[in-house]
Amino acid sequence: MEILLVKNAGFCFGVKRAVDLTFKVAEDESLPAVALGPIIHNPQVIEELGKRGIATVDKVPDNNSIIIIRTHGIEQNLYGNILKSGHRIIDATCPFVKKAQQYAKLLSEEDYQVLILGDSNHPEVKGILSYAGGNASVINSSSNLPILGRKVGIVVQTTQLQEALKALISNIVGKVSELKVFNTICNSTALRLKETEKMARKVNLMLVVGGKNSANTTQLAHLCKSLGVTTYHIETASEIKKSWIRGINKIGITAGASTPDWIIEDIKDKLRHIGG
Ligand code: SF4
């Protein structure tokens, strides 16, 4: 049985930066430190951080603490309130997400009606929206457009597909007098999707590794399934069943941006162990 790993599987630049910053806080700092919301969408990493004293909380604590901001960023008001209340911030927002927030702010300041292409429930999108002014909307496809004004500006959730952005632009371009687009899609996601697609076309089974709550991991699993290859989305090696690999001679592994190397290694070990 051959086990193949997708190039660029696992931690992306932004997640690696956030995780490194957070582990450093756990080692170096004496003040209590908490992560405001899961620092990344991976339950095993969150658990490991918890063991090292960094709890994940959903609201800002009262006592003087270090507040670590997750890769997806937070809403503008909340950021301001934390600073005002005297806590120290360690900002692990991915620089690419920061850029999307800044572009949303810029568009709003230049009087554009801001459209954010993305999932309105995702924390990254909620954060970007908070910078985009009162006349902004989140849309999840080119077909659910709000009433459009004369000047429209677009920013994009970093994990969206280029095709979705192209469809949106071509739907809007004839309807407004001015259209400004900031393509804030992250290359890392696009690259991982491309390499995963290549892999899914040449194996009999795909294992997609990462948090079930991770948007980009779920996207990878959907992609593989849509190509007709048998696909399992798992978080850890313990979920692998022997029956999955019976009669399989080539297994592909891909992993979302928030999946650490040690989980991928565990999975390879388990496959070698049960597959011979
Ligand atoms: S996928 Fe891209 S935008 Fe998201 S955290 Fe990683 S580097 Fe940043």
Side-chain angles (χ1 to χ4, degrees), residues 5-25 35-46 49 56 68-76 79 89-106 116-132 138 140 154-165 181-197 208-224 233 235 254-261 263-264:
L5 180 65
V6 165
K7 245 197 265 168
N8 313 307
F11 276 5
C12 61
F13 149 77
V15 165
K16 185 172 182 324
R17 177 179 171 274
V19 171
D20 287 351
L21 271 173
T22 311
F23 277 106
K24 199 163 178 325
V25 170
L36 189 56
I39 197 85
I40 59 170
H41 276 158
N42 185 282
Q44 290 72 35
V45 172
I46 303 302
L49 285 169
T56 298
I68 304 167
I69 310 290
R70 61 191 166 190
T71 42
H72 302 309
I74 56 170
E75 288 151 46
Q76 187 172 209
Y79 201 103
I89 287 183
I90 300 279
D91 193 350
T93 308
C94 174
F96 298 142
V97 174
K98 273 260 181 232
K99 216 172 226 181
Q101 295 173 345
Q102 285 157 2
Y103 285 142
K105 191 163 189 270
L106 184 74
I116 301 160
L117 177 62
D119 169 3
S120 58
N121 292 317
H122 196 283
E124 177 190 321
V125 174
K126 288 181 183 169
I128 297 171
L129 181 62
S130 70
Y131 286 84
V138 179
N140 60 11
I154 297 175
V155 287
V156 194
Q157 181 180 3
T158 52
T159 47
Q160 288 289 306
L161 299 175
Q162 299 287 351
E163 288 66 30
L165 176 59
V181 179
F182 287 108
N183 183 351
T184 44
I185 295 172
C186 172
N187 274 346
S188 149
T189 305
L191 213 60
R192 189 180 297 102
L193 282 162
K194 197 170 150 207
E195 296 295 335
T196 297
E197 178 172 350
V208 180
V209 190
K212 303 260 162 79
N213 56 347
S214 152
N216 75 87
T217 313
T218 308
Q219 200 178 34
L220 290 171
H222 283 153
L223 169 71
C224 296
H233 177 172
E235 287 186 355
T254 189
S258 44
T259 307
D261 286 352
I263 291 188
I264 299 174

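Both counts, for ligands and for their atoms, begin at 1 and track the order of listing.
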Peer 1: Can you confirm whether Asp20 is buried at CG, in the sense that more than 12 heavy atoms of other residues, nucleotides or ligands lie under 6.0 Å from that atom?
Peer 2: yes

Peer 1: May I ask you to identify the nearest protein heavy atom to atom 6 (Fe) of ligand 1, giving residue, atom name and distance to one decimal place in Å?
Peer 2: Cys12 SG, 2.2 Å

Peer 1: Out of Ala18, Cys94, Gly14, whose heavy atom sits nearest atom 8 (Fe) of ligand 1?
Peer 2: Cys94

Peer 1: I need the nearest protein heavy-atom contact for atom 4 (Fe) of ligand 1: residue, atom name and distance, please.
Peer 2: Thr158 OG1, 4.0 Å

Peer 1: Run the numbers for me: atoms of ligand 1, each under 4.0 Å from some heavy atom of Thr189, listed by number.
Peer 2: 1 (S)

Peer 1: Does any part of the side chain of Thr159, heavy atoms only, come nearer than 4.5 Å to the side chain of Asp119, both counted from C-beta?
Peer 2: no

Peer 1: So, 2.8 Å as the limit: is an N/O/S atom of Cys186 located closer than that to atom 6 (Fe) of ligand 1?
Peer 2: no

Peer 1: Mark yes or no for whether Thr158, through its side chain, and Cys186, through its backbone, hold a donor-acceptor pair below 3.5 Å.
Peer 2: no

Peer 1: Could you tell me if the ring centre of His233 sits under 6.0 Å from that of His222?
Peer 2: no

Peer 1: Can the ring centroids of Phe13 and Phe96 be said to lie less than 6.0 angstrom from one another?
Peer 2: yes

